[in-house]
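Beneath this line is the structure, given in structure tokens, with notes to follow.
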Number of protein chains: 2
Amino acid sequence: MSRPPRARESVLDAFEQLLVDDGERAATMDATARAAGVSKGGLLYHFASKDALEHALLERLVTLVDADLAEMASSPEGPVAFFLRTSVMDDDALDRALIATSRLAQRGSAEATESLRVVRARWAEALRPHVRDAAALDLVLLVSDGLYYNNALTAAAAAGPVPRGVGLDALVALVERATR
Amino acid sequence: MSRPPRARESVLDAFEQLLVDDGERAATMDATARAAGVSKGGLLYHFASKDALEHALLERLVTLVDADLAEMASSPEGPVAFFLRTSVMDDDALDRALIATSRLAQRGSAEATESLRVVRARWAEALRPHVRDAAALDLVLLVSDGLYYNNALTAAAAAGPVPRGVGLDALVALVERATR
DNA sequence: GTCTATAAAAAGATAGAC
DNA sequence: GTCTATCTTTTTATAGAC
């Protein structure tokens, strides 16, 4: 896997950021090219169509999830706590890719929806051995989904209703008690 | 409050359904008019602009949430169980309005985002007296958000990863044990 | 690899007939 | 109240120069 050209990565970064910060409607090819500092023609050399651009974002997501699963498996606090804590958006690469993908899914992209389904299934498999039963697994996954959903809604704007700091500690402790 | 004309309601229904089933991109004024069986001019008589159409959807949401809060308060199984069970999309009017609104919010509509925030705060206030502490309230709200998020993603398509039947019973019981 | 210019379609909105 | 016709802007995509 040779590393892709810099300009290509810049375009993909810009597309992702527009999706996350300004929503799906704002992430046009024109706006993406402008934000990446290339012309529309330049963008279209790297990504022949909007579909190609979206597809590349989904490939990036898969790569980042692979890394996250590895980190989760060897996390000192345990996979469940690690999973919940990292569900609170920290503006890292995985969070951005995940929110951007969920924007595409909600615009109606079948491929994006399927990617989210696959990613969620992989997390579920990694967590299953560390919780009591099926309901406990549902609980952990749904709390994580809830955290992402709230982050996805509030975008770059005001601090949402998502718990942080002491509140997050209490929530994680509560979920661990209920599911272990 | 006089009841609005039939055609106006048909247009609003069609707009809502397009948002829920096919995503925000598909819910154009043209497509909405076609789905409602009126012309674009006919639609624009009732809703002078796309903003007006979206605003009407948010008003419908508020009305439906008022009714839901009343029902929740007098629910025999208790507000928490009622709240969680009705978070699993049953394709009722409130579910459709809520999912449609969340599509608008993710397109970047500030008014839709604010509506969701207000609605969530009202639910939080209604639930607060029935849970142990702040972390327990977070837990209930986040599980509900997670359920809606998954329903919003899977749209009309294949059965999502959301628990139903026996699985839902077990989840509700688990949350009640953890938060009461 | 990157650019400019431009075509083709779709979107929101206006005007005015009926 | 509802329609058709038309205008403007935006978005995706193509063609071809450099």
Side-chain angles (χ1 to χ4, degrees), chain A residues 1-58 100-101 103-112, chain B residues 1-58 100-101 103-112:
Chain A
M1 194 96 71
S2 62
R3 68 185 167 307
R6 254 191 301 28
R8 199 191 127 102
E9 287 302 289
S10 302
V11 168
L12 200 48
D13 287 344
F15 180 57
E16 183 182 83
Q17 179 139 3
L18 281 168
L19 279 171
V20 171
D21 291 348
D22 302 330
E24 179 269 318
R25 199 73 162 256
T28 66
M29 304 190 79
D30 215 359
T32 299
R34 228 178 307 121
V38 300
S39 69
K40 221 193 301 206
L43 184 157
L44 283 162
Y45 169 78
H46 293 291
F47 304 98
S49 69
K50 189 126 204 253
D51 273 2
L53 190 53
E54 297 179 5
H55 184 79
L57 186 62
L58 301 181
T101 302
R103 302 262 201 246
L104 293 182
Q106 262 149 18
R107 193 197 63 192
S109 159
E111 198 191 357
Chain B
M1 192 93 75
S2 60
R3 69 184 166 308
R6 254 194 296 39
R8 198 190 126 103
E9 288 301 287
S10 301
V11 168
L12 200 48
D13 287 343
F15 180 56
E16 184 182 83
Q17 180 138 4
L18 281 168
L19 280 171
V20 172
D21 290 349
D22 302 330
E24 178 268 317
R25 199 74 161 257
T28 65
M29 304 191 79
D30 217 358
T32 299
R34 228 176 308 121
V38 299
S39 69
K40 219 189 310 204
L43 185 157
L44 284 161
Y45 169 76
H46 294 291
F47 304 99
S49 69
K50 189 128 205 248
D51 273 1
L53 189 54
E54 297 179 4
H55 184 77
L57 187 62
L58 301 181
T101 302
R103 303 262 201 246
L104 293 181
Q106 262 148 17
R107 193 197 64 192
S109 159
E111 199 191 356

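Worth saying up front: this structure is predicted, and the values here are computed from it rather than measured.
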Starting at [atom1] of [X] and ending at [atom2] of [N], how long is that distance when rounded to a whole Å?
X       : N      : atom1 : atom2 : result
B:Asp30 : D:dT8  : CG    : C1'   : 15 Å
A:Lys50 : C:dA9  : NZ    : C1'   : 15 Å
A:Asp51 : D:dA13 : CG    : C1'   : 12 Å

(message) Can you tell me if A:Glu9 has over 12 outside heavy atoms packed within less than 6.0 Å of its CD?
(response)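 Atom CD in A:Glu9 is crowded, with more than 12 foreign heavy atoms closer than 6.0 Å.
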(request) Respond yes when some side-chain nitrogen or oxygen of A:Arg34 is under 4.0 Å from OP1 or OP2 of D:dT11, and no when none is. (result)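 No, outside the criterion.
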(message) If I take atom CZ from residue A:Phe47 and atom CD from residue A:Glu54, how far apart are they, to the nearest 0.5 angstrom?
(response)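 Spacing of CZ (A:Phe47) from CD (A:Glu54) equals 11.5 Å.
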(request) Enter the distance from A:Lys50:NZ to A:Thr32:OG1 here, rounded to the nearest 0.5 Å. (result)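 One gets 7.0 Å once the value is rounded to the nearest 0.5 Å.
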(message) On DNA chain D, compare the nucleotides closest to B:Gly42 and A:Leu44; which residue's is nearer the 5' end?
(response)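 On the 5' side of the pair lies B:Gly42.
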Any idea which of [options] is nearest the [X] side chain?
X       : options                : answer
A:Met29 : D:dA13, C:dA13, C:dC3  : D:dA13
A:Tyr45 : D:dT2, C:dT2, C:dG12   : C:dT2
A:Thr28 : D:dA13, C:dA13, D:dT12 : D:dT12
A:Pro5  : D:dT12, C:dC3, C:dG1   : C:dG1

Would you classify [X] as touching base, sugar-phosphate or nothing, given that sugar-phosphate means primed atoms plus P, OP1 and OP2, and contacts are heavy atoms under 4.0 Å?
X       : answer
B:Leu43 : nothing
B:Arg8  : nothing
A:Arg25 : sugar-phosphate

(request) Could you pick out which residue, B:Ala27 or A:Gly37, lies toward the 5' side of DNA chain C when each is mapped onto its nearest nucleotide? (result)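 Looking at DNA chain C, the more 5' nearest nucleotide goes with A:Gly37.
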(request) Test for a donor-acceptor pair under 3.5 Å between the base of D:dT12 and the side chain of A:Lys40, counting only N and O atoms. (result)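 Such a pair exists between side chain and base.
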(message) Testing the basics here: between A:Ala26 and A:Asp22, what is the closest heavy-atom pair and its distance to 0.1 Å?
(response)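 Result for this residue pair: CB-CB, 3.5 Å.
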